[in-house]
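Order of the sequence lines fixes the chain letters, A, B, ..., with proteins taken first and strands second; residue numbering starts at 1 for each chain.
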Protein chains: 2
Amino acid sequence: MAGQQPERKRQERGRRRMEQLADAAAEVFAETGYAKATTNAIAARAGVSPGTLYQFFTNKEAIAEALAQRYRTALQAAHDKAFDPGFATLPLAELIDRMIGPMIEVNVANPGFKALFNAADMPERLAAPTRQLHQAVVGRIAEVLAARAPGLPGESVRTTAVVATQIFGALLNTVVAAPEREREVWIAELKRALRGYLEPIIGA
Amino acid sequence: MAGQQPERKRQERGRRRMEQLADAAAEVFAETGYAKATTNAIAARAGVSPGTLYQFFTNKEAIAEALAQRYRTALQAAHDKAFDPGFATLPLAELIDRMIGPMIEVNVANPGFKALFNAADMPERLAAPTRQLHQAVVGRIAEVLAARAPGLPGESVRTTAVVATQIFGALLNTVVAAPEREREVWIAELKRALRGYLEPIIGA
DNA sequence: CGAAATTACGAGTGATCGCTCGCATTTGTC
DNA sequence: GACAAATGCGAGCGATCACTCGTAATTTCG
């Protein structure tokens, strides 16, 4: 649908600039939100002129799209680690441990991205794919739950999967926002919350 | 610091207009976020001209401030209902029931407000008081927890209170977003999650 | 009724910001 | 070195939007 532009040939220097600009944009977006962030501020943060920014990105949305690309790629990789089929037989506590690890890592490495792509002022075009990815995760969690609790009605499986991801997402924000040294405490609490919710439903 | 302007005398018609405008603003803000919402769109939604809007609100921020006022007043009332000292001796399940009821009601009645005043594009001046109110609630929950589990170290009390409110806040969004007829299901699940987290820590 | 205050209008103004364009500099290739 | 392509600059254009102002209609109150 939305066609890529021809993409002129980039030199090494150019590719570095694009990374710089994306990094700067991530900072500015995180600080002020998408709508309030100005492209001039992003260029300034990266230490280049506005014109230079537009050598590499066709418009403001394209910058956010590059970030979305980054984030989705990292998320996808984390998901693949988190949903290792070998985890199927682990006890609940350990299963939770293994699944949330990669998800926390990717969000700690990309602070603010989660909030950015859920914000109301983000163009729908950019928010939608991330939402879709999120839905897919809920689906895969539902599969795991169904496999572990065969007696649970399908509707409950879905509900439980949604709630578990909501709990995870909420505490993930706390974990990411916390200073490095407190992080382990919050992660432990996150696991406790998930166990407390899931154990009565699907057993240990 | 920020002084109120003299506030000219309002007639009945004027007070109705202000309500209309605030209602319209709540809708527009919810749809597009604070930064992207235009004052002309708000005026149009309320069925008046831009000039009329500025008869009643000095600027865009003042409109959001009126909404913040509304929301905080309603929240305060809900909190007072939720923290009835008579609840102190109730069993956990019932305590949760009584406490979350008013909080859910106020947020169902004001959909979008919670997200609006947590958004990154909202001026700090307007977001801060709501955050403060939120912190106060965490404090009061900590008191309740400490009273029910005297053996729990103070640090754990605080952590538990924070996590409980995070869980509540996350699922509150789901409850509010859900269509009327599904709401009870999600509320039940919210209670289950809170019980599952809290019971192992402070008992039933 | 008549005067004063309040409410209402909507085209217009000034500032902001996304983005462009002409031109200079650097890099890669022969 | 010579040429082309890529990178870099920053003043400024055009559009958008918060907000104003002159004026007109409505309400209040004696």
Side-chain angles (χ1 to χ4, degrees), chain A residues 2 4-29 31-67 120-123 125-126, chain B residues 2 5-29 31-67 116 120-123 125-126:
Chain A
Q4 310 272 81
Q5 76 270 37
E7 289 272 333
R8 69 170 21 173
K9 252 197 231 167
R10 302 286 175 207
Q11 301 181 348
E12 183 55 30
R13 181 171 46 141
R15 266 171 274 137
R16 271 201 310 271
R17 272 273 178 271
M18 290 185 76
E19 293 299 317
Q20 270 179 44
L21 284 162
D23 290 343
E27 287 181 27
V28 177
F29 283 148
E31 285 165 18
T32 62
Y34 178 80
K36 266 192 174 177
T38 75
T39 56
N40 283 19
I42 293 170
R45 182 71 64 104
V48 303
S49 78
T52 297
L53 186 155
Y54 285 93
Q55 288 277 342
F56 299 104
F57 298 98
T58 60
N59 53 33
K60 185 177 175 179
E61 212 175 293
I63 306 170
E65 186 153 340
L67 289 179
D121 61 349
M122 173 69 57
R125 257 196 64 241
L126 298 181
Chain B
Q5 77 271 34
E7 290 270 334
R8 68 165 31 170
K9 253 197 230 165
R10 302 287 175 206
Q11 301 181 350
E12 183 55 30
R13 182 171 46 140
R15 265 172 274 138
R16 270 201 310 270
R17 272 273 179 274
M18 290 184 76
E19 293 299 315
Q20 271 179 43
L21 283 163
D23 290 342
E27 287 181 26
V28 176
F29 284 148
E31 285 165 20
T32 62
Y34 177 79
K36 267 192 171 175
T38 74
T39 55
N40 283 18
I42 293 170
R45 181 71 63 103
V48 303
S49 78
T52 297
L53 187 154
Y54 284 93
Q55 288 279 343
F56 298 104
F57 298 97
T58 60
N59 54 33
K60 185 178 175 179
E61 212 176 295
I63 306 171
E65 187 154 339
L67 290 180
L116 180 60
D121 62 348
M122 172 69 57
R125 258 197 63 241
L126 298 181

Asker: If you apply the rule side-chain contact (heavy atoms from CB on, under 4.5 Å), what do you find for B/E65 with B/R125, and how did you get there?
Answerer: CA-CA 9 Å; B/E65 187 154 339; B/R125 258 197 63 241; 2.6 Å; yes
Asker: Rounded to whole Å, how long is the line connecting atom CZ of B/R15 with atom P of D/dT26?
Answerer: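 Rounded to the whole Å, the gap is 21 Å.
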Asker: How close do B/A46 and B/L21 get, heavy atom to heavy atom, and via which atoms?
Answerer: CB-CD2, 3.7 Å
Asker: Within less than 4.0 Å of OP1 or OP2 of C/dC9, is there a side-chain N or O belonging to B/T52?
Answerer: yes
Asker: If a protein heavy atom is under 4.0 Å from the base, mark B; if only from the sugar-phosphate, S; if neither, -; do that for nucleotides 19-30 of chain C going 5' to 3'.
Answerer: BB------SS--
Asker: Please give, in whole Å, the distance from C/dT6 P to B/F56 CZ?
Answerer: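 Those two atoms, CZ and P, are 11 Å apart.
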Asker: Search all heavy atoms of B/L67 against all heavy atoms of B/F29 and return the closest pair with its distance.
Answerer: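 Shortest heavy-atom contact: CD1-CD1, 3.6 Å.
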Asker: Compare side-chain N and O positions of B/R10 against OP1 and OP2 of C/dT7 and report whether any pair is under 4.0 Å apart.
Answerer: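 Looking at the OP1 and OP2 atoms of C/dT7, one of them is under 4.0 Å from a side-chain N or O of B/R10.
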Asker: Do the non-hydrogen side-chain atoms of A/I63 and A/F56 ever get within less than 4.5 Å of each other?
Answerer: no
Asker: Select base, sugar-phosphate, or nothing to describe what B/A62 touches, counting heavy atoms under 4.0 Å on all strands.
Answerer: nothing
Asker: Using a cut-off of strictly less than 4.0 Å between a heavy atom of the residue and any atom of DNA chain C, enumerate the qualifying residues of residues 17-25 of chain A by number.
Answerer: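 Within residues 17-25 of chain A, no residue comes under 4.0 Å of DNA chain C.
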Asker: Whole Å only: how far is the NZ atom of B/K36 from the P atom of C/dG18?
Answerer: 12 Å
Asker: Indicate, with a heavy-atom threshold strictly under 4.0 Å, whether B/A37 touches base, sugar-phosphate, or nothing.
Answerer: sugar-phosphate
Asker: Within the pair A/S49 and D/dG10, is there a side-chain N or O less than 4.0 Å away from OP1 or OP2?
Answerer: no
